[in-house]
Amino acid sequence: MSEPLPGPALVIKPEGMTGRTGRYEKKLSDLDGLFADAEAFAARLATEADRVIYHVDEFRPSGAAGDLITGISTLSAGRVGTEFHMTRGHIHAQHDRTEIYHCLSGHGLMLMETLDGQTVVTELRPGVVAYVPPVHIHRSVNLGDEDLVTLFCYPADAGQDYGIIARSGGMRHRAVADGTGWRLEENTSYVPR
Ligand SMILES: O=P(O)(O)OC[C@H]1O[C@H](O)[C@H](O)[C@@H](O)[C@@H]1O
Ligand SMILES: [Fe+2]
């Protein structure tokens, strides 16, 4: 009889992840053009250009169809003008590939959009699992005052297409502060696809 082989030693907690195969970081300077308030963005850029706004740790066994990428996304709290910190957002390059996000800590939104401009939101609080169905553009938004930490899992052959958001001038709705809470407002730069 052969000895059992050790499986990957992945540990994913709100504080971080061990066993990752990769890490990806986005600084404030990488997010130019994402936020509506260009003046507020420029003011922050003057002193915080190199600040990491979000980072992603992942375990990617391979890129094969049928394989899964699992990881943790950590999105810092903050705003540009009234608009909350968010990820760039994407649709999967293979449009029918899905994803789940399990909120480990913080408060936020999974902001999704169909190709014909229907917005879908799942509010994220610890324990909530957001499901991104096939053919949905998606981005995370941090509505709180601490890091928004989510565990994600998606097919390894999904890929990311960022052009779909760029071509339509952003997503249809923006998440903005409203008193002590939040609301969605229409993105005035949005061009229906
Ligand atoms: O790809 P972005 O929109 O920059 O968001 C960052 C990350 O978000 C999620 O966690 C995805 O599963 C990652 O694959 C992605 O890279
Ligand atoms: Fe995704």
Side-chain angles (χ1 to χ4, degrees), residues 10 12-17 19-35 41 50-78 80 83-115 119-122 124 126 128-143 147-175 187:
L10 281 190
I12 298 182
K13 293 184 179 173
E15 310 83 74
M17 171 174 182
R20 67 179 188 227
T21 57
R23 184 187 178 95
Y24 151 68
E25 286 183 351
K26 286 290 160 204
K27 297 176 177 173
L28 188 66
S29 57
D30 297 321
L31 305 182
D32 196 9
L34 234 61
F35 298 94
F41 184 80
D50 287 335
R51 182 175 151 200
V52 174
I53 301 301
Y54 64 95
H55 67 269
V56 176
D57 291 327
E58 64 171 28
F59 173 66
R60 183 186 296 249
S62 80
D67 216 335
L68 287 173
I69 298 170
T70 304
I72 184 175
S73 160
T74 305
L75 172 59
S76 66
V80 174
E83 199 170 4
F84 291 103
H85 279 186
M86 58 187 164
T87 61
R88 286 183 301 165
H90 56 261
I91 193 166
H92 291 147
Q94 304 226 47
H95 281 190
D96 65 351
R97 301 304 195 257
T98 56
E99 186 160 2
I100 56 159
Y101 288 82
H102 178 204
C103 181
L104 301 181
S105 68
H107 174 215
L109 279 186
M110 185 53 55
L111 179 60
M112 297 173 269
E113 184 179 307
T114 61
L115 293 181
T119 295
V120 180
V121 287
T122 298
L124 298 170
V128 172
V129 176
Y131 170 61
V132 180
V135 207
H136 278 57
I137 299 160
H138 49 286
R139 74 159 33 123
S140 307
V141 182
N142 188 337
L143 300 174
D147 284 350
L148 174 69
V149 186
T150 51
L151 181 159
F152 60 81
C153 191
Y154 68 102
D157 65 346
Q160 282 91 9
D161 172 359
Y162 297 97
I164 194 147
I165 293 183
R167 283 192 297 279
S168 56
M171 291 179 73
R172 179 163 173 188
H173 287 99
R174 298 181 177 279
N187 169 12

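Just so you know, ligand 1 is whichever comes first in the structure, and atom 1 is the first atom listed for that ligand.
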Give the numbers and elements of all ligand 1 atoms closer than 4.0 Å to a heavy atom of Ser73. 10 (O)

Using distance alone, with no hydrogens and no angle criterion, decide if His138 and Glu99 have a side-chain donor and acceptor under 3.5 Å apart. yes

Any donor and acceptor pair, going by atom type alone, linking the side chain of Asn187 with main-chain N or O of Met171 inside 3.5 Å? yes

Of the backbone atoms (N, CA, C, O) and the side-chain heavy atoms from C-beta on, which set of Gln160 has a member under 4.0 Å from an atom of ligand 1: side chain, backbone, both, or neither? side chain

Could you tell me the residue and atom name of the protein heavy atom closest to atom 7 (C) of ligand 1, and the distance to it rounded to 0.1 Å? Val56 CG2, 3.6 Å

Give the atom numbers and elements of ligand 1 that come within less than 4.0 Å of a heavy atom of Tyr154. 12 (O), 14 (O)

Indicate whether any N or O donor in one side chain lies under 3.5 Å from an N or O acceptor in the other, for Asp147 and Ser76. no

With distance as the sole test, does Tyr101 use its side chain to make a donor-acceptor pair with the main-chain N or O of Cys153 at under 3.5 Å? no

Heavy-atom distance to atom 5 (O) of ligand 1: which of Thr87, Val132, Ile100, Leu151 wins? Thr87

Backbone of Ser29 reached by a side-chain donor or acceptor of Asp32 within 3.5 Å: no

What's the verdict on side chain to side chain contact (heavy atoms under 4.5 Å, CB included) for Glu58 and Arg20, showing C-alpha distance, side-chain angles and the deciding distance? CA-CA 5 Å; Glu58 64 171 28; Arg20 67 179 188 227; over 6 Å; no

How about His136 and His95: are their ring centres within less than 6.0 Å of each other? no

Centroid separation under 6.0 Å, is that true for the rings of His55 and Tyr24? no

What protein heavy atom sits nearest atom 15 (C) of ligand 1, and how far away is it? His90 CE1, 3.9 Å

Side-chain contact test, heavy atoms from C-beta onward, threshold under 4.5 Å: evaluate it for Phe152 versus His102 and give yes or no. no

Taking the minimum heavy-atom distance to atom 2 (P) of ligand 1, which of Phe152, Tyr24, Tyr101 ranks first? Tyr24

Give the numbers and elements of all ligand 1 atoms closer than 4.0 Å to a heavy atom of Gly89. 3 (O)

Which of the N/O/S atoms in Glu99 sits closest to the Fe ion (ligand 2)? OE1

When you measure from atom 1 (O) of ligand 1 to every protein heavy atom, which one gives the shortest distance, and what is it? Tyr162 OH, 2.5 Å

Which N, O or S atom name in His138 marks its closest approach to the Fe ion (ligand 2)? NE2

What N/O/S atom of His90 is the closest to the Fe ion (ligand 2)? NE2

Among all protein heavy atoms in this structure, tell me which lies nearest to atom 11 (C) of ligand 1, with the distance rounded to 0.1 Å. Glu99 OE2, 3.4 Å

